[in-house]
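Positions are given from 1 along the sequence. Just follow the structure's listing: the first ligand is 1, and inside any ligand the first atom is 1.
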Amino acid sequence: MDRSNGGQAVLALNAVTFRRNGIQILDGVDFTVRTGERWALLGENGAGKSTILSLCGGLAHPSSGTVDILGHRVGRVDLREIRCLIGHVNPRHPLRGAPSVTEVVLTGITGTIELPMRWEPTDTDLKKAHSLITDIGLDSHREAPWPTLSQGERGRALIARALAGDPQLLLLDEPTTGLDLAARERLLETLDGLAESNVTSLLVTHHLEELPATTTHAALIRQGTLTAAGPVKQVVTSENISKAFDYPIRVTRDEGRWGARRSR
Ligand SMILES: Nc1ncnc2c1ncn2[C@@H]1O[C@H](COP(=O)(O)OP(=O)(O)OP(=O)(O)O)[C@@H](O)[C@H]1O
């Protein structure tokens with residue numbers, strides 16, 4: 001396994017292409033995410049971000065090239081085995097009925113959308129779920145039914161759900177989309193808090209303002225091709241962002257957080 005830069009490769013994409021219905025969606029995508037790194041994947045609408053995330057989550061196979069997830073080559077192993085090592089935070093998480101926050105978080109342990117019939121959590125499972133709920137600041141909503149939660153509360157509950165499975169990799173698909181200012185800041189605080197436990201993560205977003213301050217690396221994608229990838233300070237620059245979005249943008253950084261304005 002590749003260990004350069006000190007960390008083990010958690011994700012390695014090499015010369016990845018992805019085609020659907022005769023359309024080339026990804027072309028020659030290369031990047032490696034190592035243990036403890038927190039990556040952001042940025043690009044305009046339709047650039048191919050979600051497609052990369054689904055390859056990284058073992059939800060799709062590349063048309064050519066290779067994808068290695070936690071040392072497993074996609075195509076050579078049962079993808080279900082890989083998926084249980086990954087926490088996938090998807091704001092469009094499909095949920096029926098009205099499970100409580102605790103029940104939703106417990107589904108991170110069972111690896112299912114709903115709690116399996118006749119499955120009972122052990123005391124350890126419950127303690128773990130409750131401790132994660134405390135960590136994300138939802139103690140007072142522990143037994144609240146899902147439909148009554150705000151979008152921000154759901155976002156945080158889904159992060160707790162993803163962590164309940166002790167993932168070796170966390171994938172976050174636009175986790176702050178649609179949140180109000182305070183809810184977004186709370187969620188970013190939660191994500192920054194995860195940095196202390198050295199969780200390896202890959203977060204997809206369109207907006208620089210939605211990058212956690214603890215982001216270590218970034219990849220920029222335009223029309224299915226990476227235009228830059230590497231340490232965040234080198235990648236998230238006015239020049240690189242303007243190129244990726246094909247628009248003149250001035251990038252700012254203040255107290256660790258990024259901002260973007262049209263450059264004049
Ligand atoms: N099954 C498919 N058949 C044809 N085209 C597809 C298919 N799936 C995705 N695409 C196209 O591939 C491109 C990349 O889609 P993807 O969802 O990965 O982009 P994205 O960067 O996540 O976009 P957004 O920011 O808008 O969510 C888009 O142009 C999309 O229309």
Here's a test for you: under side-chain hydrogen bond (donor to acceptor under 3.5 Å, both in side chains), which of H207, E209, E210 qualifies with T176? E210
Amino acids in close contact with ligand 1, where any non-hydrogen atom sits under 4.0 angstrom away: R20, N21, I23, I25, E44, N45, G46, A47, G48, K49, S50, T51, E174, H206
Is there a donor-acceptor pair closer than 3.5 Å between any side-chain N or O of E114 and the backbone N or O of P116? no
Under 3.5 Å, is there a donor on one side chain and an acceptor on the other for H206 and N45? yes
Can T17 and S63 be counted as having a side-chain donor-acceptor contact under 3.5 angstrom? no
Heavy atoms of A229 and F31 approach each other most closely as CB-CB, 4.5 Å
Can you give me every donor-acceptor pair (side chain of residues 133-141, partner residue at least two apart or in another chain, under 3.5 Å) with its distance?
from : atom 1 : to   : atom 2 : distance (Å)
T134 : OG1    : H130 : O      : 2.9
T134 : OG1    : D139 : OD1    : 3.1
T134 : OG1    : D139 : OD2    : 3.3
H141 : NE2    : E153 : OE2    : 3.3

